[in-house]
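Please read the structure below before turning to the comments.
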Amino acid sequence: MDVFDALLTPHGLVRHGVAPDHVSTKRVTELFESIENQPGFRYVLGVEVGTDITVDQLGSAYHAVVYAVGACADRALGIPGEGLEGSLAATEVVGWYNGHPDHSGAAVPLSHERVVVIGNGNVALDIARVLTRDPEWLSAATDLAPGALGQLKASNVREVQIIGRRGPAEAAFTAPELIGLGSLPDIDIVVDADPAMLEGSDQRSKLLADLAARPRPDDSTRRRIVLTFACSPVEVLGDGGRVSGVRVVRNDLTCHPDGTVTATPTADERTIAAGSVIRSVGFRGTPIPGLPFSETGTVPNDHGRVAPGVYVVGWIKRGPRGFIGTNKTCAQDTVEQILDHFDSAIEEPTRLPDALPAATCPDAGDLAGWRRLDSAEREHGSRTGRPRVKIVDPAQQRVAGRSPGNAKSRRLARA
C-alpha cells in the first residue's frame with residue numbers, strides 16, 4: 001500500500017489540524033506507526049495529486065485509489081470588510097500554530113487585547129484556547145510551531161470572544177470540548193447569553209449554565225474566553241485597511257415543530273472592538289483535476305465508490321460534518337465497497353506502482369526520510385525541554401529527511 005501526500009510530512013490533520021494542547025489525541029500517531037511498519041507499506045511524500053501526478057497516472061498503477069483529501073477551504077462570511085488585513089480564516093490560524101508550510105508565515109495580529117472568532121464549533125474553541133493559554137505552558141507541554149510560539153509569548157491578547165448565531169443547544173462544539181474548556185485553571189470562561197437560553201435540558205445548555213454560575217476570581221490579569229450566543233456579524237470594521245472591530249446584531253430565535261431553530265436578525269446592533277476577526281463557519285472541499293466534483297464541495301460517490309477502482313472517504317466523500325467516530329464508520333463503508341470490487345473481476349494495472357514515483361516525482365520523500373525528519377524534530381525538542389520542535393520550512397524538511405550519507409545533505413549541514 002502506498003500513501004501519497006502533498007506535504008513532506010504525513011499524518012495529515014493529526015499534525016496540522018489537531019490543537020497542540022490535545023496531546024492525548026495526537027497519540028493516534030502510535031497506531032499510524034504500527035501501520036507504517038507493515039510489509040509493503042510506502043510513503044510518497046511531497047507529491048500533489050492533480051499537479052505533480054495525475055489521477056489517470058495513479059489509476060494506471062493501482063488496483064484501487066482512495067482519495068482522503070478532506071475539506072480544506074473555509075467558507076466565507078459574505079459581509080463587508082471581510083477582506084481587511086486581520087480578517088482571517090480558521091485554516092490560516094490553525095495552520096499557523098501547527099506549522100503547516102502553507103500557513104506558518106500567516107500574519108495573525110496579536111497586538112490588540114481582543115480577538116473575535118465567528119462560529120462556535122470545536123475549531124473555534126481550539127483557536128480560543130491557543131490564543132489565551134500560558135505560552136510557557138504551551139512551550140513545555142506541546143509541539144506548537146516555533147514561530148507561532150514566539151509570537152504568542154509577545155501577545156497582548158487578553159480576551160477571545162466566540163460568537164454563535166443561535167443558542168447554546170444549537171452550538172456546533174461538542175460536550176467533551178466544552179468540558180475541557182471549563183477545566184482550564186488559568187482562564188475565565190464567560191457565558192454571554194440570555195439566562196432563559198441556559199434552561200434547556202440538553203447537555204450543552206446544562207454545562208453552559210454551570211459555567212455561567214461559577215464565581216470568577218477578582219483578578220484583572222487573567223485571560224478570558226467569552227461565549228456569545230444569538231448574535232451574528234454584519235460588518236467587519238477597519239481603520240487604515242486593518243481590522244478594528246466587528247459590528248454585530250442580536251438574533252431572535254424561533255424553534256420550529258421539526259426541532260430546527262432559525263435565527264432572525266433584530267435592530268439591536270453593537271460594535272465589538274478587536275484587532276482580529278477569525279471566521280470559523282465551516283469548511284468546503286476543493287476540486288481535484290481528473291475527478292468529478294459537485295456544488296456541495298464533495299466528489300459524487302455511491303457509498304465511497306466514484307468509479308471502478310476510484311474511491312473517496314471522509315469529508316470529501318460526505319461533506320464537512322461528523323467527528324472521529326463518524327469518520328471510522330465512513331471508512332468502513334468505503335472499505336466494504338473496495339472489498340466488493342476485489343471480489344469481482346478487476347483490471348490489472350498497466351504499469352508497476354514502483355515505477356510511478358521514480359518516473360514522475362524523483363524527489364518524492366519516503367518513509368525513511370520521514371523517520372529521519374521525525375527523529376530530528378524530537379531530538380531538537382529534547383534539547384529544549386519540548387515534546388518536539390517542528391521543522392516547518394520544506395527546504396529544511398528535505399535536508400533533515402536526507403540520508404546522512406547523501407553528499408548534498410552533508411554540504412548543506414556544513415553550510
Side-chain angles (χ1 to χ4, degrees), residues 71-97 103 106-132 151 155-168 170-173 189-194 197 223-254 260-284 297 320:
C72 59
D74 286 83
R75 295 186 183 277
L77 295 172
I79 60 176
E82 196 169 5
L84 289 168
E85 184 178 350
S87 173
L88 303 166
T91 49
E92 293 178 83
V93 181
V94 172
W96 166 73
Y97 62 61
H103 303 296
V108 181
L110 302 174
S111 59
H112 196 283
E113 67 176 16
R114 182 182 293 114
V115 170
V116 171
V117 180
I118 309 298
N120 56 8
N122 286 347
V123 173
L125 298 192
D126 288 345
I127 291 171
R129 286 197 322 276
V130 170
L131 294 183
T132 53
Q151 291 175 259
S155 171
N156 291 327
V157 175
R158 311 304 303 171
E159 174 183 301
V160 175
Q161 186 162 353
I162 299 174
I163 293 178
R165 63 189 178 90
R166 294 183 294 175
E170 295 78 46
F173 53 69
I189 309 300
V190 179
V191 179
D192 177 17
D194 186 329
M197 292 184 183
R223 296 176 181 177
R224 68 180 194 165
I225 296 172
V226 180
L227 303 173
T228 298
F229 297 93
C231 187
S232 292
V234 293
E235 183 181 8
V236 178
L237 304 174
D239 181 11
R242 299 176 59 88
V243 169
S244 62
V246 59
R247 185 164 58 90
V248 300
V249 60
R250 184 181 63 80
N251 296 327
D252 282 339
L253 304 182
T254 303
T260 60
V261 175
T262 56
T264 304
T266 69
D268 184 4
E269 293 186 353
R270 62 188 173 104
T271 296
I272 303 172
S276 179
V277 174
I278 302 168
R279 62 182 182 275
S280 183
V281 292
F283 303 91
R284 180 179 174 85

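FYI, side chains are in, hydrogens and waters are out, and symmetry mates aren't considered; it's all heavy atoms of this structure.
Side chains of L131 and L110 form a contact here, defined as non-hydrogen atoms less than 4.5 Å apart. Considering only heavy atoms from C-beta on, I79 stays 4.5 Å or farther from E235 through its side chain. Side-chain atoms of I272 and T228, non-hydrogen and from C-beta on, never get closer than 4.5 Å to each other. Contact of the V281 side chain with the L77 side chain is registered, since non-hydrogen atoms from C-beta on lie closer than 4.5 Å.
Closest approach of T91 to F283, counting heavy atoms only: CG2-CE2, 3.6 Å. Summarising the geometry of A90 relative to V123, their closest heavy-atom pair is CB-CG1, 4.0 Å, with the distance given to 0.1 Å. Shown here for P320 and R75, the closest heavy-atom pair between the two residues is CG-NH2, 4.5 Å. Smallest separation of non-hydrogen atoms from V157 and S155: N-OG, 3.0 Å. Taking both residues in full, the closest heavy atoms of R270 and C231 are given as NH2-SG, 4.5 Å, listed atom of the first, atom of the second, then distance. In terms of heavy-atom proximity, A274 sits nearest to V116 at CB-CG2, 3.8 Å.
A side-chain donor-acceptor contact under 3.5 Å links S87 to the backbone of E82.
Every side-chain hydrogen bond (donor to acceptor under 3.5 Å, both in side chains) that D126 has, sequence neighbours left out, goes to R129. By the side chain to side chain contact (heavy atoms under 4.5 Å, CB included) test, V190 is found to be paired with R216, R224, V226, residues two or more places apart in sequence or in another chain being considered. Residues that satisfy the side-chain hydrogen bond (donor to acceptor under 3.5 Å, both in side chains) test with E92, not counting sequence neighbours, are absent from this structure. Not counting sequence neighbours, R165 has no partner by the salt bridge (Lys or Arg N to Asp or Glu O under 4.0 Å) test. For the side-chain hydrogen bond (donor to acceptor under 3.5 Å, both in side chains) test, no residue two or more places apart in sequence or in another chain qualifies with D194. Annotation: side chain to side chain contact (heavy atoms under 4.5 Å, CB included) contacts of T132 (sequence neighbours excluded): V160, I187, R223, I225. A search for side chain to side chain contact (heavy atoms under 4.5 Å, CB included) contacts involving A124 returns V117, I162, S280, not counting sequence neighbours. Under the side-chain hydrogen bond (donor to acceptor under 3.5 Å, both in side chains) criterion, S232 pairs with N251, not counting sequence neighbours. Take R250 and apply the salt bridge (Lys or Arg N to Asp or Glu O under 4.0 Å) test, not counting sequence neighbours, and it matches D252, D268.
Taking OG1 from T262 and CG from L253, the interatomic distance works out to 8.0 Å, rounded to the nearest 0.5 Å. Atoms CD1 and CG, from I118 and L88 in turn, are 12.0 Å apart once rounded to the nearest 0.5 Å.
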All N/O donor-acceptor pairs, side-chain side in residues 237-245, below 3.5 Å, sequence neighbours left out:
unit_1: R242; atom_1: NH1; unit_2: E85; atom_2: OE2; d: 2.7

Notebook entry, point to check: Checking side-chain contact (heavy atoms from CB on, under 4.5 Å) for the pair D192/F229: CA distance, chi angles, key distance, verdict?
Noted result: CA-CA 6 Å; D192 177 17; F229 297 93; over 6 Å; no

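Residue pairs meeting the side-chain hydrogen bond (donor to acceptor under 3.5 Å, both in side chains) criterion with at least one partner in residues 106-118, sequence neighbours excluded, are R114-E159.
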